[in-house]
Enquirer: 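Structure below; questions to follow.
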Amino acid sequence: MTKEFAQLGLRPELVQSVSDLGYINPTPIQTKVIPLMLDGNDVVGQAQTGTGKTAAFVLPILQNMERDHRGVQVLVLAPTRELAVQVAQAAHKYGSCLNVRVLAVYGGQSYSSQISRLKQGVDIVVGTPGRLLDLMKGGELDLSGVSTLVLDEADEMLSMGFIKDIEEI
Ligand code: AMP
């Protein structure tokens, strides 16, 4: 077991999950962000690509999620479909021990498969702003139960002109 991850306050299943992935020590952004998020703080994190930012927010989110909640409780906005897929895969990977249901929604993919997954029940939705708005407006995506919101690569989303969509969401 990875002692340093446990010392950040993560529960044993999540420590085991990162240990199984071969992570030995938390990265600097993980060491800073994980305890703050576990305590329920709002956090702005900045770090280079490849420094473990995704796990820094996904691990505490997984720990803080309510186990008997019905409906979407976590929403992650991402600027591109590639990033949305990457974050969803990471959440699935880190959360496999907790049976968390994760869905990536993005433009260019058929609505029907995304809508049928939403109907089956999803805990974490990761999406690009345009497709999220479409699904909300169509009544297929209910965000009324969301308690955690992440703006991943927020600077990128702003420079791509997503501010209006983000505010609307
Ligand atoms: P990211 O910056 O979130 O895109 O992560 C970059 C890569 O680092 C991913 O392949 C992660 O699986 C990996 N990673 C994240 N945290 C750690 C860690 N504490 N130790 C080793 N690898 C990690």
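Both ligands and their constituent atoms are indexed starting at 1 by order of listing. Counting from 1, the numbers follow the sequence of the chain as shown. All of these numbers come straight from a predicted model, not from anything done at the bench.
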Enquirer: So, using side chain to side chain donor-acceptor pair (under 3.5 Å) as the criterion, who are the partners of Asp134 when residues are at least two apart?
Expert: Tyr111
Enquirer: Determine whether any heavy atom of Lys93 lies closer than 4.0 Å to an atom of ligand 1.
Expert: yes
Enquirer: What protein heavy atom sits nearest atom 12 (O) of ligand 1, and how far away is it?
Expert: Tyr23 OH, 2.4 Å
Enquirer: First locate atom CG of Asp165, then atom CG of Leu132, and finally report the distance between them rounded to the nearest 0.5 Å.
Expert: 9.5 Å
Enquirer: Heavy-atom contact check, 4.0 Å cutoff: does Asn25 meet ligand 1?
Expert: yes
Enquirer: Check Arg117 with Glu140, please: is the shortest side-chain N to carboxylate O separation under 4.0 Å?
Expert: no
Enquirer: Tell me if the NZ atom of Lys93 is crowded by more than 12 foreign heavy atoms within 6.0 Å.
Expert: yes
Enquirer: Are any of the protein's heavy atoms under 4.0 angstrom from atom 22 (N) of ligand 1, yes or no?
Expert: yes
Enquirer: Around atom 16 (N) of ligand 1, find the nearest protein heavy atom and jot down its residue, atom name and distance.
Expert: Gln30 NE2, 2.8 Å
Enquirer: Which ligand 1 atoms, with their elements, are less than 4.0 angstrom from a heavy-atom of Thr27?
Expert: 18 (C), 19 (N)
Enquirer: So for ligand 1, is Thr51 a polar contact partner (N or O within less than 3.5 Å, distance only)?
Expert: yes
Enquirer: Looking at Arg70, I want to see if its CZ is surrounded by more than 12 non-hydrogen atoms of other residues, nucleotides or ligands under 6.0 Å.
Expert: no
Enquirer: To the nearest 0.5 Å, tell me how far Gln30 CD sits from Leu8 CG.
Expert: 8.5 Å
Enquirer: State the atoms of ligand 1, each with its element, that fall below the 4.0 Å cut-off from a heavy-atom position in Thr54.
Expert: 1 (P), 3 (O), 4 (O)
Enquirer: Which atoms from ligand 1 have a heavy atom of Phe5 less than 4.0 Å away?
Expert: 19 (N)
Enquirer: Nearest 0.5 Å, what's the CD1-CE distance between Ile61 and Met37?
Expert: 4.0 Å
Enquirer: How close does the nearest protein non-hydrogen atom get to atom 1 (P) of ligand 1, and which residue and atom is it?
Expert: Gly52 N, 3.6 Å
Enquirer: Minimum distance, heavy atoms only, to atom 8 (O) of ligand 1: which one of Gly50, Ala55, Ala56 is it?
Expert: Gly50
Enquirer: Any donor-acceptor pair under 3.5 Å linking the side-chain atoms of Arg131 with those of Gln114?
Expert: yes
